[in-house]
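Nothing fancy with the numbering, it's 1 onward along the sequence.
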Amino acid sequence: MSTELFITTDFQRRWVNELTEAGPFFSSYSEPSDTLSKFPKENIQKLVDIGYTTLTLPKEFGGSGISVSDMVLFQETLARFDSATALAIGWHQGVVGELFENRKWTEEQLKQFSEAIQQGALVNRSVTEAQTGSPTRGGRPQTTATRSADGWVISGEKTFTTMAPALTHFLVSVWIEEKQKVGFFLIPRESVGLSIKETWHTISMRGTESQTLVLEQVKATEEQLVEVNEAPRGNKQNGWLLHIPACYLGIAQAARDYAVHFAATYQPNSLNEPIASLFSIQTQIGKMDLELIKARHLLYDIAGIYDDPARRIHLQNELGVAKSIVTNSAIEIVNLAMRIVGAKSLELSNPLQRYYRDVRAGLHNPPMDDMTITKLAHAAISEQQ
């Protein structure tokens, strides 16, 4: 049970092999990163060094111009070795992919930013706030941008800023009173008035250090206002967000592999064979693979549709469906893995307890299940009107 079926190019093969070879390095930071709730900077630096963080840049901007399908494959592979690293770098990959696909910035802004990425820059959108929750639910940012004599002054706080210790740039959503619209400013880490507040105290994805970004009278130039939203962001199709379910699918694969190995090698003295010989254990293993096959085929099929412009126009709610199905399947796979391994899976030294905690974070990444289900219902009802 693996991604072999979905590797279709030599380029994909090369990168899957490279990430797999580096897998033990990534995995070596998983337990300490989780235990200490500290971001695995070494893993991210490794990805920067091998050129991974430039892959979603178009070729004309110095990257590889990878597709969403490529990204999904690579992100799932990476998540098998370290979930925090995969989710964190997935935001960078997805943000860059979306920016250069939509080309909303000026050519000069894109050129300068691509050069920064080639030099190791890392970016994420900072959009969530304590008072508004996820922006996908439509809340207006409390963070404000006020016109000044030489540009703008930005103040506010952003929660869930994943990869906060390593980011070099923050794409910050703000309410622009002057325009009565939501906009995004690209703010470098070294900006005066920018700081990180350590608020990340969770049981899931502890290593992502999704801390709070604090902006106190941060000055920005007109050129740093890179986006002004003319419509709600949630109304747009963004296949690059499939990095989220890809991450949780990778965690599920890791849990499945651990459980199957355990079943094939653990033999209590009450049996003459390992527990994999038991029908009840085989049933649990079969259920895991059933969920994996279902989730993986759905995810890669929808990624492929997004990559095909002729078919992409027919996508409606499929991106949200992929995230929902894959995340919930991943949770079920980890649950089944823990049933196979038993009480040992609860030991802090056992990776399954980390997989169990990390995979549940997927429920709270956008889009949430309730929004996806509601959109499906609205679409069905509208067909009858």
Side-chain angles (χ1 to χ4, degrees), residues 1-9 11-27 30 40 43-44 46-47 50 52-53 55-56 64 66-94 97 162 205 207-208 239-260 288-307 318-319 321-334 337 351 354-355 358-362 365:
M1 183 60 52
S2 70
T3 57
E4 286 295 313
L5 192 61
F6 302 93
I7 298 175
T8 59
T9 67
F11 178 82
Q12 289 177 341
R13 170 66 65 191
R14 179 168 67 83
W15 272 101
V16 167
N17 288 347
E18 184 152 8
L19 291 171
T20 302
E21 288 167 10
F25 178 87
F26 297 133
S27 296
S30 296
N43 285 352
I44 298 301
K46 175 81 169 177
L47 291 170
I50 64 176
Y52 187 73
T53 54
L55 290 182
T56 49
S64 297
I66 67 171
S67 65
V68 168
S69 295
D70 294 330
M71 179 195 66
V72 164
L73 175 63
F74 302 155
Q75 284 297 121
E76 184 192 343
T77 302
L78 183 56
R80 284 168 39 210
F81 302 107
D82 187 65
S83 52
T85 298
L87 186 62
I89 207 64
W91 285 110
H92 166 87
Q93 300 292 76
T162 300
M205 290 291 182
T208 62
W240 298 97
L241 284 176
L242 292 180
H243 79 85
I244 297 171
C247 174
Y248 296 107
L249 192 60
I251 297 171
Q253 181 72 58
R256 176 264 189 197
D257 291 347
Y258 183 95
V260 172
M288 286 195 299
D289 280 7
L290 191 66
E291 290 293 331
L292 265 176
I293 291 171
K294 174 183 74 175
R296 187 171 283 130
H297 275 267
L298 178 67
L299 177 60
Y300 283 80
D301 182 58
I302 291 176
I305 293 172
Y306 187 87
D307 288 332
E318 286 82 359
L319 294 173
V321 169
K323 187 268 178 177
S324 179
I325 292 294
V326 172
T327 300
N328 284 284
S329 287
I331 290 171
E332 178 60 15
I333 290 163
V334 178
R354 184 174 67 251
Y355 300 152
D358 284 351
V359 79
R360 298 197 69 80
N365 288 136

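Using a 4.5 Å cut-off on side-chain heavy atoms (C-beta onward), Trp91 and Ile244 make contact. Counting heavy atoms from C-beta on, the side chains of Tyr248 and Ile331 never come closer than 4.5 Å. Ile89 is listed as a side-chain neighbour of Leu78, based on a closest heavy-atom distance under 4.5 Å. Looking only at side-chain heavy atoms (C-beta outward), Val72 and Trp240 stay at 4.5 Å or farther from each other. A 4.5 Å side-chain heavy-atom check between Leu299 and Ile325 finds every atom pair outside the cut-off. Within the 4.5 Å cutoff, the side chain of Ile333 has no heavy atoms near those of the Val359 side chain. In this structure, the side chains of Arg14 and Asn17 stay at 4.5 Å or more apart for every pair of heavy atoms. You'll find the side chain of Arg296 stays beyond 4.5 Å of the side chain of Leu5, heavy atoms only.
Here the straight-line distance linking atom OG1 of Thr85 with atom CE of Met205 works out to 9.5 Å at 0.5 Å rounding. Leu55 CG to His92 NE2: the interatomic distance, rounded to the nearest 0.5 Å, is 9.0 Å. With values rounded to the nearest 0.5 angstrom, Arg354 atom CZ is found 7.0 Å from Asp82 atom CG. Residue Thr20 holds its OG1 atom at 9.0 Å from CZ of Arg13, rounded to the nearest 0.5 Å. The distance from the NE2 atom of His243 to the CD atom of Glu76 is 14.5 Å, given to the nearest 0.5 Å. Between atom CZ of residue Arg256 and atom CG of residue Leu249 there is a gap of 12.0 Å, rounded to the nearest 0.5 Å.
Under the side-chain hydrogen bond (donor to acceptor under 3.5 Å, both in side chains) criterion, Thr56 pairs with no residue at all, not counting sequence neighbours.
Between Asp70 and Ser67, the side chains place a donor N or O and an acceptor N or O closer than 3.5 Å (distance only, hydrogens not considered). Side-chain atoms of Asp257 and Gln253 form a donor-acceptor pair, as typed in the model, at a separation below 3.5 Å.
When every heavy atom of Phe11 is checked against every heavy atom of Ser64, the shortest pair comes out as CZ-CB, 3.9 Å. Minimum heavy-atom separation, Val334 to Ala252: CG2-CA, 4.4 Å. Here the closest non-hydrogen pair linking Ala254 and Arg80 is CB-O, 3.6 Å. When all heavy atoms are compared, the tightest approach of Gly239 to Val68 is O-CG1, 3.4 Å. Listed here is the closest heavy atom pair of Pro245 and Ala322: CB-O, 4.2 Å. The two residues Tyr300 and Leu73 have their closest heavy-atom pair at OH-CA, 3.3 Å.
Checked by atom type and distance alone, the side chain of Thr9 pairs as donor or acceptor with a backbone atom of Gln12 at under 3.5 Å. Remark: side-chain polar atoms of Lys323 are paired, donor with acceptor, to backbone N or O of Asn365 under 3.5 angstrom. Although no hydrogens or angles enter the test, the distance criterion places a donor-acceptor pair under 3.5 Å between the side chain of Ser27 and the main chain of Phe81. Side chain of Ser83 to main chain of Cys247: no donor-acceptor pair is present (N/O by atom type, distance under 3.5 Å, no hydrogens or angles). Put simply, the side chain of Asp301 never gets that close to the backbone of His297: no donor and acceptor are under 3.5 Å apart. Of the possible polar contacts, one joining the Gln93 side chain to the Tyr52 backbone as a donor-acceptor pair under 3.5 Å is found.
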_Run the side-chain contact (heavy atoms from CB on, under 4.5 Å) test on Leu298 and Ile302 for me, step by step, so that the C-alpha distance in whole Å, both residues' side-chain angles and the decisive distance to 0.1 Å come before the verdict._
CA-CA 6 Å; Leu298 178 67; Ile302 291 176; 3.6 Å; yes
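By the 30° and 60° cut-offs, the orientation of the rings of Trp15 relative to Phe74 is tilted.
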